[in-house]
Amino acid sequence: MTNQEIARLFRNVSAAYSIKNSKKYFFQIIAYQKAAEAISMATSELQDLYKEGKMQEIPGIGATIRSRLDELFRKGSVSHFNAVLKGIPEAVFVLMDVPSIGPKKAYKLSHELRLNKSEKAIEDLILMAQNHKIAKIPTFGEQSERDILKALIEYKKGMGKATRMTLPYAGEVAEKILTYLRKSSDIITVVPLGSLRRMMATVGDIDIAAATNTPEKTIKHFVSYPYKERVIEQGLSSASILTSGGVQIDLIAQPPESFGSLLQHFTGSKDHNVHLREYALKKGLSLSEKGIKKSKTSEKIKQYDGEEKFYDVLGMQWIPPEMREDKGEIELAIAHKLPDLVGIKDVKGDLHVHSSFPIEPSHDLGHTNIEKMTILAKKLNYDYIGFAEHNPSISKHSKSQIYALVAKRNDHIEQIKSKIKSVHIIKLLEIDILSSGKLAVDEKCLELLDAAIVGIHSSLSGNKKEMTKRVLAGLSHPKAKILAHPTGRMLNERAGYELDFDQIFDFCKKNNKALEINSWPQRLDLPDNLIKEAVENGVKLAVNTDSHDVSQMSLIKYGVATARRGWATKNDIINTLKHSELMEWLRK
DNA sequence: GCCGTTTTCGGCCCGACTGTTTTCAGTCG
């Protein structure tokens with residue numbers, strides 16, 4: 001069973017508890033939800049951790065759940081779960097994926113309308129809604145029937161929560177509505193928050209906070225957004241709309257004096273806020289988006305116009321948004337020991353760009369010539385730029401032809417070097433690791449390079465053991481210094497191949513290899529959780545853009561943000577070194 | 001069912017919005 005399957009099972013168990021008796025099982029419901037969340041975010045397969053006796057490493061899994069998992073892995077099912085899930089139609093769990101339908105509504109609908117075929121549950125329920133069967137069910141009415149029908153149709157179209165946007169796309173959607181909101185004179189400030197501010201690789205919906213002295217006016221302006229499909233909800237201080245592109249946008253409006261509390265609240269993450277509020281409670285304080293009050297008394301709430309003050313009142317350092325995932329940052333902030341995260345100004349060069357030099361590559365050639373890209377590197381205040389075109393294709397060239405092409409590119413680089421002195425140019429190549437583990441260029445050709453970036457670009461389907469062996473073989477050559485886009489994931493397209501990262505980290509540490517943080521918006525690879533593990537293991541990283549066009553070199557900000565999400569400091573990143581130090585590291 | 005620089009027992013974040021059962025349950029973030 002995969003982590004995602006187990007997480008789904010746990011969510012179903014939680015829902016079943018909530019259907020059967022949500023008061024009695026209140027804490028079990030939370031516990032299974034939390035465990036499901038932790039499992040779906042885990043970087044190792046639970047089944048592997050089980051075999052290694054390391055399941056307690058996952059937060060939220062205690063003695064009881066561990067024994068349930070033990071039974072699951074030994075027998076393939078858990079008798080206790082079967083008892084809890086008994087009598088609950090499968091359709092319930094299908095309907096629960098639809099926004100606004102939770103466990104209770106899903107159960108009532110499935111039960112009352114006898115939705116037995118789970119694979120047809122959505123279609124069947126749409127028909128029932130159209131025939132006005134829902135409104136007749138006690139506690140439902142005509143309005144909720146209409147709302148459910150809308151939600152079902154949108155869900156079927158793939159609108160709403162089903163798909164997550166890439167970070168830059170979300171940024172554009174946000175910018176468009178911010179521009180609109182700023183036209184309203186009663187709005188003092190508007191800022192995008194949530195996962196966008198935390199710079200998550202993908203963003204589910206857009207969260208916006210507005211400072212205003214007239215919240216109702218602001219809300220009215222917001223729900224009049226011309227590009228909206230419909231208003232999901234609208235209250236006195238908050239509202240949600242769905243855009244015609246299927247993106248949900250949530251807005252909360254507060255007066256400027258409590259804006260700091262609102263920023264903190266709406267940035268999240270949920271886990272971070274829950275943990276922060278639990279910590280505050282122990283100090284006798286109760287936190288909300290409105291401010292901070294003493295718990296258990298009716299004392300007036302204290303408001304904060306800035307986020308720093310809010311954290312300061314709790315005796316903590318201000319926590320960078322990228323860290324707010326409840327991964328230990330709260331404890332460090334209390335101890336005033338937060339790491340000094342790498343910033344965009346620390347980056348001294350890009351080590352992975354593809355020029356248009358006709359190297360007859362195995363994969364995409366870049367669109368911009370070496371000179372133009374070098375000039376932009378200078379404008380970005382870089383100390384150096386590393387050209388890493390794909391190796392010439394091995395099916396179309398002989399070894400000597402490959403050598404000649406690389407030598408020719410190097411000659412061209414030398415010409416540019418004599419023209420542009422203010423930026424160092426590094427001679428790299430992005431070389432395929434073939435399925436045999438061998439590199440796609442030979443020893444003689446490798447000698448032409450300062451170093452090589454190696455990566456997997458074909459035959460992605462091997463198992464974890466094979467792929468790990470292949471990667472380590474590829475990295476073994478002394479010239480191979482950076483592993484390109486290590487997991488091979490493409491967001492919203494493919495998960496990437498599986499690697500044994502314990503082995504990879506160990507190898508990289510011992511042999512001075514770096515793992516790439518590829519800034520390409522659909523990659524952001526290494527992913528943040530693995531960056532954090534790499535940093536903990538003392539593995540060096542390289543933040544690169546993989547640009548195929550000069551315009552893409554500014555995407556470095558997304559790579560840096562991902563590095564920050566993995567708690568990387570300047571010292572963890574090789575391309576924060578100045579040129580002479582970097583060259584020394586590449587030769588090590 | 002989890003968890004611990006106030007607890008191994010007794011706690012467990014906080015608030016907004018919606019519809020329906022007019023005081024609250026369900027859902028969401």
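Here is how names work: the chains are called A, B, and so on, in the same order as the sequence lines, proteins then strands, and each is numbered from 1. Since this is a predicted model, take the numbers as computed values, not measurements.
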- Stepwise, does the side-chain hydrogen bond (donor to acceptor under 3.5 Å, both in side chains) test hold for A:Asp70 with A:Ser67? CA-CA 5 Å; A:Asp70 178 69; A:Ser67 78; over 6 Å; no
- Task: Specify the separation, in whole Å, of atom CD1 of A:Ile148 and atom P of B:dC28.
- Result: 11 Å
- Query: Quick one: A:His272 NE2 to B:dC14 C1', roughly how many Å, whole number?
  - Reply: 15 Å
- Query: Nearest of B:dT20, B:dG1, B:dA16 to any side-chain atom of A:Lys290?
  - Reply: B:dA16
- Query: Which value, in whole Å, describes the distance between the P atoms of nucleotides B:dG10 and B:dA16?
  - Reply: 33 Å
- Message: Given B:dG19, B:dC12, B:dC17, identify the nucleotide with an atom nearest to the side chain of A:Ser238.
- Response: B:dC17
- Quote, to the nearest angstrom, the C1' distance that separates B:dC28 from B:dT22. 23 Å
- Where the side chain of A:Lys282 is concerned, which of B:dG29, B:dT7, B:dT21 is the nearest nucleotide? B:dT7
- Message: Does A:Thr64 reach a base, just sugar-phosphate, or nothing at all? Heavy atoms under 4.0 Å.
- Response: sugar-phosphate
- Below 6.0 angstrom between ring centroids: does that apply to A:Phe259 and A:Phe310? no
- Here the distance between atom C1' of B:dA25 and atom OH of A:Tyr107, to the nearest Å, is 17 Å
- Which sits closer to the 5' end of DNA chain B, A:Asp207 or A:Ile58, going by the nucleotide each is nearest to? A:Ile58
- Message: Quick check against the 3.5 Å criterion: does A:Arg324 have a side-chain atom that pairs as donor or acceptor with the backbone of A:Ile319?
- Response: yes
- Message: Stacking between A:Phe140 and B:dT20, defined as ring centres under 5.5 angstrom apart with planes under 30°, is that present or not?
- Response: no
- B:dG4 versus B:dT8 - spacing of their P atoms, nearest Å: 13 Å
- Item | Options B:dC12, B:dA16, B:dT7, nucleotide nearest the side-chain atoms of A:Ser237 | B:dA16
- Message: I need the CD1-P distance between A:Ile219 and B:dC17, as an integer number of Å.
- Response: 8 Å
- Item | Which nucleotide in B:dG1, B:dG19, B:dT18 has an atom nearest any side-chain atom of A:Tyr32 | B:dG1
- Message: In whole Å, measure the gap between the P atoms of B:dT20 and B:dG15 for me.
- Response: 27 Å
- Query: So what does A:Glu142 touch, heavy atoms closer than 4.0 Å: a base, only the sugar-phosphate, or nothing?
  - Reply: sugar-phosphate
- Task: Check whether any side-chain N or O of A:Lys23 sits under 4.0 Å from OP1 or OP2 of B:dC24, and answer yes or no.
- Result: no
- What distance, rounded to whole Å, do you find between the two C1' atoms, one in B:dC9 and one in B:dC14? 25 Å
- Measure the acute angle between the ring planes of A:Phe81 and A:Phe10, then classify it against the limits of 30° and 60° as parallel, tilted or perpendicular. perpendicular
- Heavy atoms under 4.0 Å, any strand shown: does A:Lys105 hit a base, just sugar-phosphate, or nothing? sugar-phosphate
- Message: Does the plane of the ring in A:Tyr25 sit parallel, tilted or perpendicular to the ring in A:Tyr17? Use 30° and 60° as the thresholds.
- Response: tilted
- Message: Over all strands shown, is A:Pro103 touching base, sugar-phosphate only, or nothing at heavy-atom distances under 4.0 angstrom?
- Response: sugar-phosphate
- For A:Leu287 and B:dG29, give me the distance from atom CG to atom C1', rounded to whole Å. 16 Å
- Message: Please report whether the ring centroid of A:Tyr180 lies less than 6.0 Å from that of A:Phe222.
- Response: no
- Distance, rounded to the nearest Å, where A:Tyr17 contributes OH and B:dC2 contributes C1': 13 Å
- Item | Nearest listed nucleotide, side chain of A:Asp147, among B:dC12, B:dG19, B:dC13 | B:dG19
- Task: Identify whether any heavy atom of A:Ala35 sits under 4.0 Å from a base atom; if not, whether one sits that close to sugar-phosphate; answer base, sugar-phosphate or nothing.
- Result: nothing
- Closest to the A:Thr139 side chain: B:dT21, B:dG29, B:dA16? B:dT21
- Item | Pairwise P distance, B:dT5 and B:dG1 [rounded to whole Å] | 24 Å
- Note on the structure: Of the listed B:dG1, B:dC12, B:dT7, the closest approach to the A:Leu281 side chain comes from B:dC12
- Query: Looking across every strand, which nucleic acid part, if any, lies under 4.0 Å from A:Lys34 by heavy atom: base, sugar-phosphate, or nothing?
  - Reply: nothing
- Between the CD1 atom in A:Ile252 and the OG atom in A:Ser238, the distance rounded to the nearest 0.5 Å is 5.5 Å
- Task: Specify the residue among A:Met96 and A:Leu236 whose closest nucleotide of DNA chain B lies further upstream toward the 5′ end.
- Result: A:Leu236
- Message: Does B:dT18 have OP1 or OP2 under 4.0 Å away from a side-chain N or O of A:Ser100?
- Response: no
- Spacing between A:Leu276 atom CG and B:dG29 atom P, to the nearest angstrom: 21 Å
- Message: Can you check the distance between B:dC2 and B:dT6, where both ends of the measurement are the P atom (answer in whole Å)?
- Response: 23 Å
- Query: Taking the side chain of A:Lys104 as heavy atoms from C-beta outward, which of B:dG15, B:dG26, B:dT20 is closest to it?
  - Reply: B:dG26
- Query: Paired with B:dT27: which nucleotide, if any, by Watson-Crick or G-U wobble criteria at under 3.5 Å for both distances?
  - Reply: B:dA16
- Message: By the rule that syn is within 90° of 0, classify the base conformation of B:dT6 as syn or anti.
- Response: anti
- Atom CG of A:Asp271 and atom P of B:dG29 are separated, to the nearest Å, by 14 Å
- Message: Please report the distance separating the P of B:dC13 from the corresponding atom of B:dT18, rounded so that it comes out in whole Å.
- Response: 25 Å
- Item | A:Tyr107 and A:His111 aromatic ring geometry - parallel, tilted or perpendicular at 30°/60° bounds | parallel
- Task: Identify whether any heavy atom of A:Arg68 sits under 4.0 Å from a base atom; if not, whether one sits that close to sugar-phosphate; answer base, sugar-phosphate or nothing.
- Result: sugar-phosphate
- Item | Among B:dG29, B:dC14, B:dG19, the nucleotide that comes nearest once only the side chain of A:Asp205 is considered | B:dG29
